[in-house]
Amino acid sequence: MNAQAPIVQQAVAQLHQDQMRVTSIPYTSTNMVIFSGVPLAKNSYKTNSGKYYVTIKADPDTIPAQPALGQHWSVKGTRLVEEMETGDFVMQQHTYESPEHIECSLPETGEQLIRFIAREVDFKGIGESKARALWELLGKDFHSIVRKDTPESREWLRSVLSEGSINALFEGYVKYKNLAYCNWMTEHKIPASVQQRLLKHHGEESIEAIKQNPYVLIGFGMSFKDVDKLVEFDQFKITKSDHRRLSSALETSIRKEIEKGHTYTTQASLRPYLTKLLNDKELVIQAFKAGHDRAQYILNPVTGTYHPTAQLLMENVVAKRLKVLANQDNLFDEYANSAYCFAVDELPYKLTKKQIEAVTTCLDNAVSCITGGAGTGKTTVLRTALRAYQQMGFEIHAVALSGRAAMRLHESIGLFTSTIAKLLREDPIEPSSEQPKHLLVIDEASMIDLPTMYRLVNHIHPSVRIIFTGDPDQLPPIGCGKVLADIVLSKAIANTMLDIVKRQDGSTGIPEYSKLINQGIVPEKLSTGAIHFHETTKNNIAQVCCDLYQQSPENSRVMAPTKALVADINKLTQEAVNLNRNRLEFEMHGERFFQNLRLNDAILFTQNHYDKGIQNGSLGVLTSVESSSENYGEVTLDTGDKVEITQSVLDCMELGYAITLHKAQGSQFPRIIIALRSGKIVDRAWLYTAITRAEAEIHIVGSRQDFELAVISESNSNKRHSFLSEMLRS
DNA sequence: GATCCGCA
């Protein structure tokens, strides 16, 4: 007999329940939201008791709606009761942390609803008096009328609201009209983020879609295992061998391969994933067969490789467009020649032979590449070619993947530039009678993955010319494919590969060193010239990087492969150089919070705010933590510009002593410290990219063995299966 | 058991 068992059981079984109306939301962040309110009597909208209040703490992804003042919530779960002193008297606080069950509803009746609409910012411009008039007009029909934006509903509303307020009412209500679905989905443990995506796509049919095939949820961000659990839990009539289940297992496996960067795969690579998901050999065989029958993938009869239909389509479209452009050659006529001469005349110095070739190649072909590493004069070539294109009457659209790269491109060519994402949100590039000629320039093209290139191709008219610039040996794109590397490899597109221009004062040894690594050769001496290798054990890397940083803080930046290591180094470095300075303080909903950023800390921004002059990847120093009514402090960027810290700026600030190499890609620093910790992304290309970030001095921190292994092994990019180069050749 | 980015 076990005397303890019943007690444990009781603790688990103790579920409490409360209804409440939200009166304050003291804290919101990406992984936690805290809101509290007054309790309501069950199934009524009267305040239940003045003796306690209810607080809910939850992950925002596990609740059906964003909390807002005036909403009604019901919770069920274990609760924690605490006595809280508020002024003269003591109140009880009932806290539900990550409750078992949670639902949100709109107040349904007069007074509460009026107040809710008047207060909720989503109903812009509708105050108390308008809300009251609205209730008097519609009464209980309120919800059914506001639910659908029809001319009849609008006609009704026009007697009490202006056109602007009517719009605000419908727009505000959209957030709440799906509440019933959200509650249902939350009850079925479907995360809020998945709910939102599903609702966007399926709208009011969302629940119907789930019931027809719960595995659709995988397409909106849920894992196969979680859906499997849901199916079991809810007793959907779906057997283990149901084709819906099998095909989504295959889909999941294929996606895993795509996430690794491949655009196609093999049965042998897919099988382990499928086996893990389905846990049954026979089902795995069935899944492959079903996938083939349903054209989830195309089997290449020559190579035996599996090509997911979506990826194959994208490669096909991209290859076709590039080949059409490549076939229009011999464009270099007298007209182009005079434009070329004009552009070259403007240069203050002479181009090398290879650089001249690069410029003329760009003018001679409708699609071309300028490739090469740092210090090869890519930007000079590009600037000259673009000048000539302008002279020929082309409108130039220059883009790069990241905000920071786009800004750098702008600085070097002097033209308007934009991120690719922004370009894609604007109108497609089409020739018109007043502007028939367009050129698209894609900088840092090594970062472009297949889906992005596909979208670009679909966004521009077939007559639009393209220039790629970049270094195919740098870090490969994050998404699948390796567009630039494939283009170069195929030799089907005109490409000029620029080599390092020998500088007279080239005594750092950096260009030679980086070249060796790029070729897969371990330099004879790991420390040479301005390059210093620091043999360090794995666990000591962060500390050594931190020590080296302190030797010359104003010139240094640490590059690390992972965000986790970046965070470690940042923490150590802050503790070492900046422990006692004042922290950045800010207020939210009347409460004070501290951010672990101190005066004088190196700061990294992680979002673009064009109006404030910062981009994702911008670096600076926290130069003030004095908060005023307008802002919480000030950052001085490495460009010298100053940025006021507002709430939105604060949300994208991190410590910047160390950054991931991906963030640093395209930037250069006087002195860099490389945290060489072996892992999935550290390969030859990673090391090469890191080393070419340095202007004057390099410190490599890690073990010789890891260094050598990274250099000698084939690069990750090379291991990527991609079909684009074959398609370009054929 | 463990990766990097850009947008909404």
Side-chain angles (χ1 to χ4, degrees), chain A residues 30 66 192-201 220-221 223 225 255-262 272-273 276 399-409 417-426 442-456 459 470 474-484 538-539 541 559-568 604-610 614-618 648 651-652 654 658-667 674-690 693 706 710 715-717 719-720:
Chain A
T30 46
Q66 284 240 15
S193 50
V194 175
Q195 293 178 20
Q196 291 313 315
R197 270 172 248 148
L198 188 72
L199 281 167
K200 217 171 176 181
H201 205 262
F220 299 93
S223 76
K225 294 264 169 186
R255 196 185 298 165
K256 286 254 167 65
E257 282 286 281
I258 303 296
E259 269 166 21
K260 281 188 175 169
H262 306 306
Y273 296 121
K276 207 175 159 205
V399 297
L401 187 67
S402 72
R404 192 145 166 89
M407 188 54 71
R408 258 191 321 267
L409 181 62
T417 63
S418 110
T419 63
I420 290 176
K422 198 161 157 224
L423 180 89
L424 290 174
R425 270 182 283 126
E426 288 159 5
I442 306 172
D443 192 33
E444 297 281 348
S446 59
M447 293 299 281
I448 309 299
D449 57 27
L450 176 64
T452 307
M453 193 61 216
Y454 173 74
R455 280 180 215 123
L456 277 172
H459 197 72
Q474 285 196 24
L475 295 178
I478 298 201
C480 68
K482 44 180 169 105
V483 175
L484 184 66
K538 204 162 191 148
N539 297 328
I541 292 176
M559 318 267 135
T562 64
K563 291 198 277 191
L565 185 54
V566 163
D568 284 352
L604 166 75
F605 292 96
T606 58
Q607 278 171 30
N608 297 326
H609 287 265
Y610 296 104
I614 53 177
Q615 298 97 39
N616 186 347
S618 290
S648 65
D651 284 343
C652 69
E654 289 173 13
I659 59 177
T660 62
L661 183 59
H662 279 82
K663 276 252 151 64
Q665 193 165 21
S667 297
I674 302 172
L676 180 74
R677 184 155 79 182
S678 56
K680 276 189 180 175
I681 33 179
V682 173
D683 66 346
R684 189 190 296 182
W686 190 88
L687 208 50
Y688 165 73
T689 308
R693 297 309 94 211
D706 286 348
S715 69
N716 291 337
S717 168
K719 286 187 224 156
R720 280 192 183 199

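Labels below follow one simple rule: chain letters A, B, ... track the order of the sequence lines, proteins then strands, and each chain is numbered from 1. A quick note: this is a predicted structure, and the numbers were derived from the prediction, not measured.
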Protein-nucleic acid N or O pairs under 3.5 Å, nucleotides 1-4 of chain B:
unit_1 : atom_1 : unit_2   : atom_2 : d
B:dC4  : OP1    : A:Lys563 : N      : 2.6

For this session: Would you indicate whether the side-chain heavy atoms of A:Ser618 and A:Arg404 approach each other to under 4.5 Å?
Result: yes
Problem set entry | Sub-4.5 Å side-chain heavy-atom contact between A:Thr660 and A:Lys563 | yes
Rounded off to whole Å, could you give me the [atom1]-to-[atom2] distance for the [X] and [N] pair?
X: A:Leu475; N: B:dG6; atom1: CG; atom2: P; value: 13 Å
X: A:His609; N: B:dG6; atom1: NE2; atom2: P; value: 13 Å
X: A:Leu199; N: B:dA8; atom1: CG; atom2: P; value: 21 Å
X: A:Arg425; N: B:dG6; atom1: CZ; atom2: P; value: 14 Å
X: A:Gln607; N: B:dC5; atom1: CD; atom2: C1'; value: 13 Å
X: A:Phe605; N: B:dC5; atom1: CZ; atom2: P; value: 17 Å
X: A:Gln665; N: B:dG6; atom1: CD; atom2: C1'; value: 13 Å

Exercise. Which heavy atom in A:Ala445 sits nearest to a heavy atom in A:Leu484, and how many Å separate them?
Worked result: O-CB, 3.7 Å
Exercise. Any salt bridge between A:Lys260 and A:Glu257, counting N to O under 4.0 Å?
Worked result: yes
Seminar exercise, completed: Rounded to the nearest 0.5 Å, the CG atom of A:Leu604 sits from the CD1 atom of A:Ile659 at a distance of 6.0 Å
For this session: To the nearest 0.5 Å, tell me how far A:Arg720 CZ sits from A:Leu450 CG.
Result: 10.5 Å
Looking across every strand, which nucleic acid part, if any, lies under 4.0 Å from [X] by heavy atom: base, sugar-phosphate, or nothing?
X: A:Thr419; value: sugar-phosphate
X: A:Asn616; value: sugar-phosphate
X: A:Gly403; value: sugar-phosphate

